[in-house]
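Got a structure for you, questions after.
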Amino acid sequence: MNNLRNKFMLDQDIVFLNHGSFGATPKQVFKEYVGWQEKLERQPVKFLGRDFDDHMNTSREILAAELQTNANNLVYIPNATHGVNIVAQSLKLQPGDEILTTDHEYGACDYTWEFLCKKNGASYVRKAIPLPIADPEKVAQEFLTGITERTKVIFISHITSPTAIKFPVEMICKVAREKGILTVVDGAHAFGQIDLALDTLGADFYTSNCHKWALSPKGAAFLYVRPEVQPLVDPIVVSWGFGIEDFSKTGSRFVDFFQWAGTKDPAAYLSVPAAIAFSKENNWQDVRKKCKQYLDRTIADVTSLPGFASIYSDNENYTQLASIQIPDQFDVAQLKSYLYEEHKVELPVLVWADKKMIRVSIQGYNNEEDIDALVKGLKTALRYFNILETKKVE
Ligand SMILES: Cc1ncc(COP(=O)(O)O)c(C=O)c1O
């Protein structure tokens, strides 16, 4: 048993290979979270009325240092969906505007842009990025051919949800800036999986979850906005920050607007420093490397089964999350429930661009037994669903 597993609250009998959907939080980080809630309840008026900004500012500064930016370029928000909504709603799309994106985007965020484009007469243009993915420069070049004189915004994931591909967002943001196009990066899976240096990455707007790969309790994410474009962003909930003229609470108009959005439990935001500290204490750079090796092994083992195939041309295309193509004959819902009911394996089975896939997440608490359980589950599924007997499987 991997000793990191004991540091998490996960049920021991589940083979948890879906950190990508909802990540697990370490026990000591969760304890900190509950500690903040208890502190709040012992003196709510002192905590929320008098000390709130100091606590939030400290947490934001620690997060900003981790992300290599200034604390006044960041605000805490509940989740990445919120982050995309804040930006998309602020940008006041007009008839004829084009939003350029890919066909690998996360459904809820895709819907956000689709909804606003439909409402405002703008066009949402999904540029196809076919599999297997080419080298990053080629991907960027190919994507950027989708720009027209009407392109107002580029919206792109840093690490995609269905296909788990790391997109070359730095190259894309650079070209977009030169052309006067705004960039909105959905980094929901990035923080915690890859190192982020937000000021040099070059996005105008960048949102990521702390509650996925960065191990914080649920309900903690951030929105980064480059200082020059901060005046473009409105909060979805207008609150007391509007009335603060002298930035006395936080030192920034942008932060004042977002930091207080009505009464809410801020414990998840305040536990982010504990999650960052946990990663450092447990040598997370090494943990990530190990996870990547396990994931490489998972792909090799799974694709040795008949009918399974890698969607990557290169193992640099992914980090701790990867999708693997499965035989077409599987019914995705049936396979998912079979793996869970019969093998206790929790992982998503999905369809993307007519390809059926499983998506595997490897986090610090996973070990080789988890990979073995997945491979065994898939092997027996081939028999259970009579797929080995059909001719289509090569
Ligand atoms: C790429 C991507 N963006 C956004 C989200 C939304 O995250 P949340 O539900 O925390 O808002 C997800 C969730 O899995 C995601 O994969």
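Computed from a prediction, not measured in an experiment: that's the story for all the values here. In listed order, ligands and their atoms are each counted from 1.
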Can you name the salt bridge (charged side-chain N to carboxylate O under 4.0 Å, His left out) partners of D103, sequence neighbours left out?
none
Decide, yes or no, whether a salt bridge links K344 with D11 under the criterion of side-chain N to carboxylate O below 4.0 Å.
no
Write down the atom of F222, the atom of L74, and the distance for their closest heavy-atom approach.
CD1-CD2, 3.6 Å
Taking only Lys NZ, Arg NE, NH1 and NH2, and the carboxylate oxygens of Asp or Glu, determine whether K379 and D301 approach each other closer than 4.0 Å.
no
Ring centroid separation F167 to F143 under 6.0 Å
no
I'd like the contact residues of ligand 1, where contact means a heavy atom below 4.0 Å.
N79, A80, T81, Y106, C109, S157, S161, D186, A188, H189, N209, H211, K212
Could you go through the salt bridge (Lys or Arg N to Asp or Glu O under 4.0 Å) check for E178 and K174 one step at a time?
CA-CA 6 Å; E178 284 159 10; K174 185 167 182 285; 3.6 Å; yes
